[in-house]
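Reviewing the structure listed below.
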Amino acid sequence: MDPGGAVVLVTGAGSGIGRATAYLLAARGAHVVAVGRDAAALRDVAEATGGTAVQADLRDPAEAERSVRAAREARGRLDGVVANAGIGHAGPVADMTAEQVARLVDVNVRGTLLLGRAAAAAFGEQAAAGDHRARGLVFVTSIAGAVGVPGESVYSATKAAVESFAVVLREELRPGGVTVATVLPGVVDTPFFDRRGVPYDRTFPRPVPPERVARAVVAALESGRARTVVPRWLAVPAWLSAAVPGPYRALARRFS
Ligand SMILES: NC(=O)c1ccc[n+]([C@@H]2O[C@H](COP(=O)([O-])OP(=O)(O)OC[C@H]3O[C@@H](n4cnc5c(N)ncnc54)[C@H](OP(=O)(O)O)[C@@H]3O)[C@@H](O)[C@H]2O)c1
């Protein structure tokens with residue numbers, strides 16, 4: 001799809017990767033519908049991009065659909081969705097409370113799947129009404145969903161779930177001209193680590209700026225490319241982990 005003149009909903013648009021994506025989409029001529037919880041941050045993004053702010057807590061199962069409705073009301077249609085909102089957690093699963101597990105699943109999985117559902121329904125309705133513009137969905141997942149990061153079992157599982165959802169949704173929406181892409185960032189320099197309460201303290205891999213991930217997200221919307229790993233070299237461990245899981249685990253244990 002072409003972002004120029006498109007209406008694109010971005011979740012988690014008030015911070016980090018989502019904010020960088022909102023700015024880049026606006027620079028390419030899109031009308032951005034910025035979704036998230038932090039009203040002040042969303043207002044800033046909406047003002048700077050000429051877009052629309054929609055305050056929504058995606059833990060609430062009704063909010064994904066309401067956000068999509070608000071986006072369509074803002075400009076009469078919806079052309080793209082970047083499902084980016086997400087939270088992290090680091091630490092052994094036995095030390096997690098049930099509430100912490102539920103929060104990760106609610107935001108990273110349920111909220112994201114409900115957004116995909118609402119977007120698919122909206123795109124279908126628009127096509128049925130004779131609007132056959134190209135449309136796209138991008139899910140911001142994580143390299144953790146592909147390789148499984150030690151100490152981040154629940155987080156890794158939530159991201160793997162969305163990868164799996166995207167694989168099937170891609171085939172489901174293809175006949176309607178809707179592309180479904182995933183972007184798998186490695187380590188990104190955003191407030192993500194502060195928010196989860198455990199800093200990123202490794203020297204390698206080095207965090208990349210959120211703008212780099214935003215470029216991959218916008219490129220995925222434009223091209224419909226199924227899966228993009230950022231930085232690109234992390235595609236090698238992702239491939240190894242899937243192709244030869246035993247030797248990959250042995251190597252990961254040795255070098256992590
Ligand atoms: N940073 C990394 O190293 C990294 C690596 C791989 C993947 N990712 C993924 O990239 C995505 C963006 O993360 P980021 O690095 O940009 O972190 P971030 O700066 O902390 O941004 C996370 C965004 O998610 C939104 N969000 C969280 N809970 C929400 C809820 N209940 N309802 C609505 N919005 C909610 C936040 O909005 P509010 O501030 O309004 O709550 C915030 O804008 C996440 O899915 C994350 O898992 C990040």
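First listed ligand is number 1; within each ligand, the first listed atom is number 1. FYI, the numbering just counts along the sequence from 1. All figures in this text were calculated on a predicted structure; none of them were measured in a lab.
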Closest non-hydrogen protein atom to [atom], residue and atom name please, with distance?
{"atom": "atom 3 (O) of ligand 1", "answer": "Val188 N, 2.8 Å"}
{"atom": "atom 26 (N) of ligand 1", "answer": "Ala85 CB, 3.9 Å"}
{"atom": "atom 22 (C) of ligand 1", "answer": "Gly86 O, 3.6 Å"}
{"atom": "atom 7 (C) of ligand 1", "answer": "Thr141 O, 3.1 Å"}
{"atom": "atom 8 (N) of ligand 1", "answer": "Tyr155 OH, 3.6 Å"}
{"atom": "atom 14 (P) of ligand 1", "answer": "Thr190 OG1, 3.4 Å"}
{"atom": "atom 19 (O) of ligand 1", "answer": "Ser15 OG, 2.5 Å"}
{"atom": "atom 16 (O) of ligand 1", "answer": "Ile17 N, 2.8 Å"}

Evaluating non-hydrogen atoms only, which member of [options] is closest to [atom]?
{"atom": "atom 44 (C) of ligand 1", "options": "Asn84, Val208, Thr158, Asp106", "value": "Asn84"}
{"atom": "atom 5 (C) of ligand 1", "options": "Ala13, Gly186, Pro185, Gly111", "value": "Gly186"}
{"atom": "atom 29 (C) of ligand 1", "options": "Arg37, Arg59, Arg196", "value": "Arg37"}

Going by the atom numbers of ligand 1, which of them fall below 4.0 Å from some non-hydrogen atom of [X]?
{"X": "Gly16", "result": "16 (O), 19 (O)"}
{"X": "Val187", "result": "3 (O)"}
{"X": "Ile87", "result": "27 (C), 28 (N)"}
{"X": "Asp57", "result": "30 (C), 31 (N), 32 (N)"}
{"X": "Arg195", "result": "20 (O), 36 (C), 38 (P), 39 (O), 41 (O), 42 (C)"}
{"X": "Ala56", "result": "32 (N), 33 (C)"}

Inset, instruction - Mind telling me whether Phe204 and Trp233 have parallel, tilted or perpendicular rings, with 30° and 60° as the class edges? - result: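 Because their plane-to-plane angle is under 30°, the rings of Trp233 and Phe204 count as parallel.
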I'd like to know if [X] and [Y] make a salt bridge, using a cut-off of under 4.0 Å between side-chain N and carboxylate O.
{"X": "Arg75", "Y": "Asp79", "value": "no"}
{"X": "Arg196", "Y": "Glu152", "value": "yes"}
{"X": "Asp57", "Y": "Arg59", "value": "no"}

Inset, instruction - Report the part of Pro207 (side chain from C-beta onward, or backbone N, CA, C, O) that has a heavy atom under 4.0 Å from ligand 1; answer both or neither where that applies. - result: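 Near ligand 1, Pro207 shows nothing, with every heavy atom at 4.0 Å or more.
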Legend entry - Region of Arg19 that comes within reach of ligand 1 [heavy atoms, distance under 4.0 Å]: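 For Arg19, there is no contact with ligand 1 at all, from either part.
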Inset, instruction - Mark the output for Gly88 as yes if a heavy-atom distance to ligand 1 is under 4.0 Å, and as no if none is. - result: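 So Gly88 does not count as touching ligand 1.
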Legend entry - N or O pair under 3.5 Å between Phe193 and ligand 1: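 In this structure, Phe193 places no N or O atom under 3.5 Å from an N or O of ligand 1.
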Legend entry - Geometric N/O contact Gly12 with ligand 1, under 3.5 angstrom: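 Yes; the residue has a nitrogen or oxygen that sits under 3.5 Å from a nitrogen or oxygen of the ligand.
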Legend entry - CG on Leu9 to NE2 on His31, rounded to 0.5 Å: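 It comes to 10.0 Å.
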Legend entry - From CD (Glu211) to OG1 (Thr21), nearest 0.5 Å: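 Atom-to-atom, Glu211:CD and Thr21:OG1 are 9.0 Å apart.
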Inset, instruction - Would you mind reporting whether Val68 and Arg72 have side-chain heavy atoms less than 4.5 Å apart? - result: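 Answer yes - side chains close enough.
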Legend entry - Passing candidate, side-chain contact (heavy atoms from CB on, under 4.5 Å) with Phe139, options Leu184, Val183, Thr182: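 So, applying the side-chain contact (heavy atoms from CB on, under 4.5 Å) to Phe139 and each of Leu184, Val183, Thr182, only Thr182 qualifies.
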